[in-house]
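Numbered from 1 within each chain, the chains take letters A, B, ... in sequence-line order.
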Amino acid sequence: MTRPLLKISDVSVEFGPKANAIRVVDSVSFSIGAGEAVGLVGESGSGKSITSLSILRLIPDPPGRIVSGSIEFEGQDLLKLPANRMPEIRGRDIAMIFQEPMSSLNPVMTIGDQIAEALMLHQDLDRDARWQRVIEVLSLVGMPDPAARLGAFPHEFSGGMRQRVMIAMAVACNPKLLIADEPTTALDVTIQAQVLELMKSIRASVNTAILLISHDLGVIADLCERVVVMYSGRIVEEGSVESIFSKPEHPYTRGLLQSIPRLDDDRKRLYQIAGTVPMAGSVKKGCPFYARCDLRVDKCAAEMPPMFEFSKQHKAACWVTGEAEQ
Amino acid sequence: MTELLRADNLVKAFGSEGGFHIGARKQPVRAVNGVSFSVTTGETLAVVGESGCGKSTLGRLLLRLIEPTEGQVHIGGVDVTQMSAAELRAARRQMQMVFQDPYGSLSPRRTVAEIIAEPLEVFGIVKTRQERRERVAELLEQVGLPPTLMDRHPRQFSGGQRQRIGIARAIALNPDFIVADEPVSALDVSVQAQIVNLLQDLQEAKGFSYFFIAHDLAVVRHIADRVMVMYLGRIVEIGPKRSIYTAPQHPYTQALLSAAPEPDVKKRTKRIILSGDVPSPSNVPPGCSFHTRCPLAQEQCRQVRPELREVAPGQTAACHFAEPNPIKLPVSAPAYAS
Ligand SMILES: Nc1ncnc2c1ncn2[C@@H]1O[C@H](COP(=O)(O)OP(=O)(O)OP(=O)(O)O)[C@@H](O)[C@H]1O
Ligand SMILES: Nc1ncnc2c1ncn2[C@@H]1O[C@H](COP(=O)(O)OP(=O)(O)OP(=O)(O)O)[C@@H](O)[C@H]1O
Ligand SMILES: [Mg+2]
Ligand SMILES: [Mg+2]
């Protein structure tokens, strides 16, 4: 691979007063090539949204801040860019679909105006062409009768329709990188299939790279080539979709895959990983999964495992499976 | 099995009073359009259907969080739609809701302990501060959150963590009936497994009934006793889980089941991709509302709206052709199938 489109190196994010800060993202590194689709999965609260918000420098500060690392986009470190250059990058080069559609739409502005505004900032279209494009992107996301709904306000939409408005805004400007945080969680499967098709088609037509955060591993399998797995603020496994889904090497990833309810199974209870998730930043030493792991050995409590290489396409941070492999 | 809840011909029209469209003539949206069903004690009725088909609106109507345009809801034999404000407040102890949007439904200024304890205080269940903190801690632990976080505010939590705060609040009073609107959609599968198991344990121990709105068909398959499929404000099929999954009769149910993504790269296969426009709820097509997208539509479907009728024991479907054998839809392999 030549230079990746996005290269995140050693990024850490903390919340709270400096004296007893909580580290919710801890030395995260991964990259995304141009046109590549990477899935980010992991336990609820593990830092997926915070990682993606840090790419656009949208971490609420205070109480949060990026304390180390670099985020290179097309070779340029976004963390070193003057803050007033960011709006230009957001939306045009990197677009984001936020996890909370209601809180990221403006409640007192019609959805037509909101999408048109996004277009106006980044594309040179005259008024008529702009409205045409607004209607076009709304129909791309499966909005029924889009022309008639331009004048509606966000509260007049169902949860899934709001999510689709967000998606429409994000894809309107053909970004180079699309960060999609749970873009299909509020959508039924038929609309979800349509949104996945849409993401595939913008990839195919304008070579948009995608960072897809989703807990729906079916969606990840459908869209992505690579997956990054997070647990308690850290990356614990990374590799191609094929190798991770068929041969997960980190015990957390194994538990995760086992927890999936399947369409064709009638188990009485779902498999559940024992114990509860440690609060991000609460495990200061050793592997964060230690307390819940059935493979644990003493070493795991003492020292955070490095990323062991299982193949060129597959790395995982586990002492037990990693050392067995060497 | 005793009947806990019955809905009769519920209708909710939005926008008949305010402006929904600019420019164009105002068309009310019939978000829920003549829905009747019942839920028995200890049962889970799951609701699935396209985004915007009226699931959340129906859930809100059942608890009278919004007023119906027509129809009644009986819970435990009492007509909820006729209750006075005071009666309704008292009845709320028995019926709770987990909201779809965990962000919008948790007050940002209050701490998690205050949010979860509110219903406990309203009904005088906890009296001292100590009691309150103990009960909140217990509830947080049940939903898999560390009790040490109870003094934090909602914005300090991730999406899935907020969702669990909403669940803790809803189960705090041990209600008889819970409307759970996409309660696990924001959760990763391992936490989802924990919550689904918890909801099932509570049901077994306490006999809760759930009206469970979801779009993840695998989760529904796991948790539901019966499944209700909605399309444009109406029920198109309802029946025991097993029949819905193994012998779906309505073409929409069949399309829905075929579209579920599976976490298996080798299974990227045969989806029934619906073609045709999704009709707008303010402009419902005549006849069968699904005919614009149905691969089997005939002239009759464009003219006459099919009523719900029994197609198998306990299973009803609203389709002219849903009898006697389940229809086999033509399955088109989507372009991206690898
Ligand atoms: N404003 C804040 N103050 C303190 N802690 C915060 C704040 N925002 C987030 N956190 C913490 O940071 C951690 C990571 O949150 P993040 O939103 O990235 O999780 P996530 O992986 O996206 O989870 P989910 O799948 O539930 O959305 C969580 O443990 C959360 O409690
Ligand atoms: N306050 C409102 N004013 C006008 N229309 C509304 C209002 N609330 C809902 N609607 C409309 O009613 C229809 C049903 O909405 P509802 O939220 O019940 O859908 P849903 O099935 O829950 O969808 P989703 O799966 O996307 O959450 C939608 O067309 C929506 O636009
Ligand atoms: Mg998140
Ligand atoms: Mg809804």
Query - Segment of B:Asp181 engaging chain A (4.5 angstrom heavy-atom cut-off) - result: neither
Query raised in the report: Checking B:Ser56 against chain A: side chain, backbone, both or neither under 4.5 Å from a heavy atom?
Result: neither
Report task. Describe, in one word, how the ring planes of A:Tyr252 and A:Phe289 are oriented to each other, choosing from parallel (under 30°), tilted (30 to 60°) and perpendicular (over 60°). Result -> perpendicular
Query raised in the report: Side chain, backbone, both or neither: which part of A:Ile273 has a non-hydrogen atom closer than 4.5 Å to chain B?
Result: side chain
Query - Distance (rounded to the nearest 0.5 Å) between B:Leu199 CG and B:Thr44 OG1 - result: 8.5 Å
Query raised in the report: Any side-chain donor-acceptor pair under 3.5 Å between A:Ser243 and A:Gln313?
Result: no
**Report entry** chain A contact via B:Leu145 - which portion, at a heavy-atom distance below 4.5 Å
**Finding:** neither
Report task. Side-chain contact test, heavy atoms from C-beta onward, threshold under 4.5 Å: evaluate it for B:Tyr252 versus B:Glu50 and give yes or no. Result -> yes
Query raised in the report: B:Gln161 versus chain A, heavy atoms under 4.5 Å apart: side chain, backbone, both or neither?
Result: both
Report task. Might you point out which heavy atoms bring A:Gly42 and B:Asp188 nearest each other, and give the distance in Å? Result -> O-CB, 3.4 Å
Report summary line: In terms of heavy-atom pairs under 4.5 Å with chain A, the winner among B:Thr57, B:Leu257, B:Leu149, B:Thr148 is B:Leu149
Query - Contacting moiety of B:Val219, where chain A heavy atoms sit under 4.5 Å - result: both
Query raised in the report: What residue among B:His215, B:Gln163, B:Lys55 forms side-chain hydrogen bond (donor to acceptor under 3.5 Å, both in side chains) with B:Glu182?
Result: B:His215
Query raised in the report: Looking at B:Val220, B:Asp201, B:Thr246, which one has more heavy-atom pairs under 4.5 Å with chain A than the rest?
Result: B:Asp201
**Report entry** Sole candidate of A:Gln163, A:Arg162, A:Arg164 that passes side-chain hydrogen bond (donor to acceptor under 3.5 Å, both in side chains) when paired with B:Ser51
**Finding:** A:Arg164
Requested in this report: Examine whether an atom of A:Thr184 lies under 4.5 Å from a heavy atom of chain B, and if so say whether it belongs to the side chain, the backbone or both; otherwise answer neither.
Outcome: backbone
Query raised in the report: B:Ser158 versus chain A, heavy atoms under 4.5 Å apart: side chain, backbone, both or neither?
Result: side chain
Query - Segment of A:Ile213 engaging chain B (4.5 angstrom heavy-atom cut-off) - result: neither
Query raised in the report: Picking from A:Gly45, A:Ser46, A:Gly255, which has the most non-hydrogen pairs under 4.5 angstrom with chain B?
Result: A:Gly45
**Report entry** Leading residue by heavy atom contact count with chain A [cutoff under 4.5 Å; candidates B:Val191, B:Leu256, B:Asn197]
**Finding:** B:Asn197
Report task. Begin with the C-alpha distance, continue with both residues' side-chain angles, and end with the deciding distance and a verdict on salt bridge (Lys or Arg N to Asp or Glu O under 4.0 Å) for A:Arg203 and A:Glu225. Result -> CA-CA 13 Å; A:Arg203 260 184 92 181; A:Glu225 289 95 52; 2.7 Å; yes
Query raised in the report: Can you tell me if B:Gln156 uses its side chain to pair, donor with acceptor, with the backbone of B:His153 under 3.5 Å?
Result: yes
